[in-house]
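Single-structure report; data block below.
One-based numbering along the sequence shown. Quantities reported herein were computed from a predicted structural model and do not represent experimental measurements.
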Amino acid sequence: MSHTKKRTSDSYDKCKNMLFLARDEFSYQIAQRMFPNIKVGLYPDIVTTLIGKFKFKNERKGIFLCTRNDTEKFYTDSEIENLYNRLSKHYPVKRGDTQNNVSGKSTRKRLEFYITNTIEQLSTYKVVITDRYHGTILSLCANTPVIIIKSNDHKVTTGANWFKGIYDDYVYIANDLNDAYNKAKEICNHFTPRPLTPYFEENYYDKLPSLFNF
């Protein structure tokens, strides 16, 4: 265990009434090892409570390629560019990210606006291809199918496990970029979006207070 992890472990373990919630299985296992003396739980990302809250009537066109540009990206810029070019031969394709250029301070002042605006933008596409976990969740908030591509971090693919058996016709994990291309074509040509249910709010966060009964 690194020095930083050891300090964190020692500090958290002194808080006997702390409830630590991990949002994916990988993080949950690490937390169990690091914090043996506090209550550790596996719980979905809080942003999942927004799924089922929005019903936009925007016309849907094309594909949003929502990819990161940092050390956690798995595919090279040229590989993503090649995917973009292949898709662009058939559909309108826009490239972007879940991040914006607005400062953190300004974002916090109008947080609801920026979140709602991002979700509404995603509701104008037939499908989103992303290597970001919040790109996945926000797409579902917009009732937009999402194709997950690999990143160098575990969050996106392990986080997708939450949606199995719930939104199976909305969340797809691509084996590679060629698979993502084929899945995107299939969705664009044949998929009809529907409003999603607020599963995570009803089955998790509405019940969150009960977890504090130590």
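Side-chain contact check for Tyr204 versus Thr49: every heavy-atom pair is 4.5 Å or farther apart. Residues Ile149 and Thr67 are in side-chain contact: their nearest non-hydrogen atoms beyond the backbone lie under 4.5 Å apart. No side-chain heavy atom of Asp24 sits under 4.5 Å from any side-chain heavy atom of Asn161. By the 4.5 Å heavy-atom criterion applied to side chains, Leu140 and Val171 are counted as neighbours. Looking only at side-chain heavy atoms (C-beta outward), Val146 and Tyr172 stay at 4.5 Å or farther from each other. Between Met18 and Lys39 there is no side-chain heavy-atom pair separated by less than 4.5 Å. Side-chain contact between Tyr205 and Pro44 is present, with heavy atoms from C-beta onward closer than 4.5 Å. At a threshold of 4.5 Å between non-hydrogen side-chain atoms, the residues Val128 and Ile63 do not count as touching.
In this structure, a donor-acceptor pair under 3.5 Å is present between the side chains of Ser78 and Thr76. At a cut-off of 3.5 Å, with distance as the only test, a side-chain donor of Thr144 or Arg60 sits close to an acceptor on the other residue. At a cut-off of 3.5 Å, with distance as the only test, no side-chain donor of Asn182 or Lys185 sits close to an acceptor on the other residue.
For Tyr133 (side chain) and Ala160 (main-chain N/O), no donor-acceptor pair under 3.5 Å exists by modelled atom type. Formation of a donor-acceptor pair under 3.5 Å by the Asn143 side chain with backbone atoms of Lys55 is not found in this model. The backbone N or O of Arg7 lies less than 3.5 Å from no partner atom in the side chain of Ser11, so there is not a single donor-acceptor pair. Formation of a donor-acceptor pair under 3.5 Å by the Tyr170 side chain with backbone atoms of Ser139 is not found in this model.
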| request: Please lay out, stage by stage, how Lys73 and Asp131 fare under the test salt bridge (Lys or Arg N to Asp or Glu O under 4.0 Å). | output: CA-CA 7 Å; Lys73 68 179 181 181; Asp131 57 0; over 6 Å; no
| request: Evaluate side-chain hydrogen bond (donor to acceptor under 3.5 Å, both in side chains) for Thr124 paired with Asn58, printing each intermediate quantity in order. | output: CA-CA 6 Å; Thr124 64; Asn58 296 316; over 6 Å; no
| query | Given Lys150 and Asp176, is the salt bridge (Lys or Arg N to Asp or Glu O under 4.0 Å) satisfied, shown in steps? | reply | CA-CA 8 Å; Lys150 295 177 185 176; Asp176 51 37; over 6 Å; no
| Asp168 vs Lys164, salt bridge (Lys or Arg N to Asp or Glu O under 4.0 Å): CA-CA, chis, key distance, verdict | CA-CA 6 Å; Asp168 286 335; Lys164 291 181 179 178; over 6 Å; no
| task | Carefully, step by step, assess Asn85 and Leu87 under the rule side chain to side chain contact (heavy atoms under 4.5 Å, CB included). | result | CA-CA 6 Å; Asn85 290 334; Leu87 290 169; over 6 Å; no
| Under the salt bridge (Lys or Arg N to Asp or Glu O under 4.0 Å) criterion, do Lys14 and Asp10 qualify, and how do the steps go? | CA-CA 7 Å; Lys14 294 176 182 177; Asp10 291 343; over 6 Å; no
| said: Apply side chain to side chain contact (heavy atoms under 4.5 Å, CB included) to residues Thr158 and Arg23 and explain how you reach the verdict. | reply: CA-CA 9 Å; Thr158 58; Arg23 65 179 183 175; over 6 Å; no
| message | Applying side chain to side chain contact (heavy atoms under 4.5 Å, CB included) to Tyr43 and Leu208, what does each step give before you reach the verdict? | response | CA-CA 9 Å; Tyr43 232 66; Leu208 181 59; 3.9 Å; yes
| message | Could you walk me through whether Phe191 and Val127 satisfy the side chain to side chain contact (heavy atoms under 4.5 Å, CB included) test, starting with their C-alpha distance in whole Å, then the side-chain angles of each, then the deciding distance to 0.1 Å, before giving a yes or no? | response | CA-CA 9 Å; Phe191 193 84; Val127 63; over 6 Å; no
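If you take OH on Tyr91 and CZ on Arg86, they are separated by 11.5 Å, rounding to the nearest 0.5 Å. Annotation: the span from Ile51 atom CD1 to Cys141 atom SG amounts to 5.0 Å, rounded to 0.5 Å. Here the CD atom belonging to Glu79 is positioned 12.0 Å from the CD atom belonging to Glu81, to the nearest 0.5 angstrom. Leu65 contributes atom CG, which lies 10.5 Å from atom OH of Tyr125 (distance to the nearest 0.5 angstrom). The structure places CH2 of Trp162 at 8.5 Å from CD of Glu25, a figure rounded to the nearest 0.5 Å. With rounding to the nearest 0.5 angstrom, the CD1 atom of Ile115 is 14.0 Å from the CD atom of Glu120.
Under the 30°/60° scheme for interplanar angles, the aromatic rings of Phe35 and Phe20 are found to be tilted.
Taking the six-membered ring wherever Trp is involved, the centroid distance between the rings of Phe26 and Tyr28 does not fall below 6.0 Å.
Within 6.0 Å of NE2 on His3 lie no more than 12 heavy atoms contributed by other residues, nucleotides or ligands.
Summarising the geometry of Ile187 relative to Lys126, their closest heavy-atom pair is CG2-O, 3.8 Å, with the distance given to 0.1 Å. When every heavy atom of Cys188 is checked against every heavy atom of Gly62, the shortest pair comes out as SG-O, 4.5 Å.
The salt bridge (charged side-chain N to carboxylate O under 4.0 Å, His left out) check on Asp206 picks up nothing, with sequence neighbours excluded.
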